[in-house]
Amino acid sequence: METIFALSSGSAPAGIAVIRISGPRAAAALENLAGKLPPPRRAVARYLKDSGGGILDHAMVLFLPGPNNATGEDTAELHLHGGRAVIAAVESALAAMDGLRHAEPGEFTRRAFVNGRLDLAESEGLADLLEAETELQRRSAIAMLGGGLSRVVEGWRSEVLILSAQVEAVLDFSDEEDAADLPSSFAEGLGALRAGIGDWLARPRARALKEGFRVVLAGPPNSGKSTLFNALVEDEAAITAPTAGTTRDILQRSCAIAGIPFTFIDTAGLHESSVDPIEIIGIERAHSALNQADLVLWLGNEGEGPPGAWEIESKIDCSASGGKSSPLLRISAVTGEGVDELRHRLTAHAAIALPKTGQVALSDRQHNLLTEALNNLNEICPSGDLLLTGENLRSARAAFDRLIGRSATEDLLDTLFGRFCIGK
């Protein structure tokens, strides 16, 4: 296996830059640069020199022998002064050594997976942690990275193996004249397994956590959508004007309110009289956004919004405002009246729909595999054909294996580890 290296800290310039080296030649590379190998797991200050003896930097160096480290193989770290020229010089010296090359995106984490330091679900948690922008996202990613889901799935897998063993025992010791039955514990174990998986599938999904709780502002032209949109995201993101039809396409902006991620979507005014082909496209996209919304704020005539929409009376600062008989809120995005109350209600509503703080949230891939496993278990009848029962149990176990990475395709691994930056 080749030895890889990359800048593993943030972009230069910075106070400190960390270059990580991992692979069978990590120790030799560190010795070539620093003169001799430091004691394992002990930070030591050394002058780093190129092949001609020229000083590259005065740095802290670490040698972390495998397998008990992040990647599971010998690893070295160089803690440099964080100037671009220093980093470039050290990387050039490493690239000139035999058997060393620059790492690909996610390659360090992929090696951790290959070497058994992380399973696939934990790797997904690490990717989510690197992308986390809110406290809710961070805590959910920490729970996944810490093996919260992996431990549960391993437990389910063990239970499936126990059930499979019971089926095999009956098949082995039964004959045509004296067919044996499965023990009563089989049905009990199967029921508990189904219930456990069902509880996880009923949890809020990770999509809303990653993309933000999707709130669509909708209504006819000139109903105050864009002004309210700007007030909610606290930015002049949308063009506003007294002229109806200013917004002709959807506009979305992500932000966090009280630590909860939201995606607010401003839409073209909804009406049926337009003959403008561009405006018609905008209206079609608005309808599509409504179908994908977690919540719709309806600023149009009362009762004309989609089912479940919040009735909002906007523009209460305007004397021409028609008013609604029983809106959820009356708001003026111009004066700010009611906007803070709307934010408060949105965060309270989204907090129920999103995963709880620190709770593991399933990705689409994980949700689909657990659904596949549950479907196989639901096909089992304790008094049914034992061969079919055994096959359904095997299929459920295979779904668990794919979830945690016991069996995974190269395409899947490429997709997952491609999410990581170079150096991670």
Side-chain angles (χ1 to χ4, degrees), residues 207-208 211-233 236-255 257 260 262-354:
R207 181 200 59 78
E211 300 177 5
F213 189 78
R214 294 176 66 85
V215 179
V216 174
L217 286 71
N222 208 25
S223 57
K225 301 183 299 297
S226 295
T227 306
L228 179 57
F229 175 84
N230 288 343
L232 288 170
V233 303
E236 296 298 316
I239 298 173
T240 60
T243 306
T246 303
T247 303
R248 297 163 70 88
D249 199 354
I250 63 171
L251 176 65
Q252 67 180 42
R253 181 65 60 87
S254 297
C255 66
I257 303 176
I260 293 178
F262 285 90
T263 295
F264 290 102
I265 300 151
D266 186 21
T267 59
L270 300 174
H271 63 107
E272 299 178 356
S273 60
S274 178
V275 295
D276 184 337
I278 296 178
E279 188 176 23
I280 290 172
I281 293 173
I283 292 172
E284 290 174 350
R285 291 181 178 179
H287 282 294
S288 176
L290 289 176
N291 293 332
Q292 299 174 41
D294 294 313
L295 176 66
V296 175
L297 303 183
W298 179 252
L299 279 63
N301 293 333
E302 195 164 10
E304 295 183 4
W310 285 8
E311 292 282 359
I312 304 295
E313 181 182 338
S314 60
K315 304 172 71 171
I316 60 173
D317 56 289
C318 179
S319 59
S321 175
K324 296 185 179 185
S325 61
S326 56
L328 179 69
L329 286 172
R330 291 183 168 88
I331 287 175
S332 168
V334 174
T335 66
E337 183 177 350
V339 174
D340 284 343
E341 175 63 18
L342 176 58
R343 288 196 186 99
H344 175 74
R345 287 177 179 261
L346 286 171
T347 54
H349 182 74
I352 296 172
L354 291 174

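In what follows, every heavy atom counts, from backbone to side chain, and hydrogens, waters and symmetry copies are set aside. Because the structure is a prediction, the values reported are computed rather than measured.
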Would you say the side-chain atoms of [X] pair up with the backbone N or O of [Y], donor to acceptor, closer than 3.5 Å?
{"X": "S254", "Y": "G212", "answer": "no"}
{"X": "K324", "Y": "G303", "answer": "no"}
{"X": "E302", "Y": "S325", "answer": "yes"}

Nearest-0.5 Å distance, [atom1] of residue [X] to [atom2] of residue [Y]:
{"X": "H344", "Y": "L329", "atom1": "NE2", "atom2": "CG", "result": "10.5 Å"}
{"X": "K315", "Y": "S223", "atom1": "NZ", "atom2": "OG", "result": "7.0 Å"}
{"X": "C255", "Y": "L232", "atom1": "SG", "atom2": "CG", "result": "7.5 Å"}
{"X": "F213", "Y": "F262", "atom1": "CZ", "atom2": "CZ", "result": "7.0 Å"}
{"X": "R253", "Y": "N230", "atom1": "CZ", "atom2": "CG", "result": "8.5 Å"}
{"X": "I265", "Y": "R214", "atom1": "CD1", "atom2": "CZ", "result": "3.5 Å"}

Do [X] and [Y] make a side-chain contact, defined as non-hydrogen atoms from C-beta onward lying under 4.5 Å apart?
{"X": "I312", "Y": "P327", "value": "no"}
{"X": "L295", "Y": "V216", "value": "no"}
{"X": "L217", "Y": "T267", "value": "no"}
{"X": "I331", "Y": "I316", "value": "no"}
{"X": "V215", "Y": "F229", "value": "no"}

### Message
Looking at every non-hydrogen atom in both residues, tell me the closest pair between A218 and V296 and how far apart they are.
### Response
CB-CG1, 4.1 Å
### Query
By side chain to side chain contact (heavy atoms under 4.5 Å, CB included), which residues pair with A333, not counting sequence neighbours?
T227, L228, A231
### Query
Can a donor-acceptor pair be found between the side chains of E311 and S326 at a distance below 3.5 Å?
no
#### Entry: D317 and T335: side chain donor to acceptor below 3.5 Å
no
#### Entry: salt bridge (charged side-chain N to carboxylate O under 4.0 Å, His left out) against E341, all qualifying residues, sequence neighbours excluded
R345
### Task
Any pair with a residue in residues 288-315 that passes ring-ring contact (aromatic ring centres under 6.0 Å, His included), sequence neighbours left out, goes on the list, sorted by first then second residue, please.
W310-H349
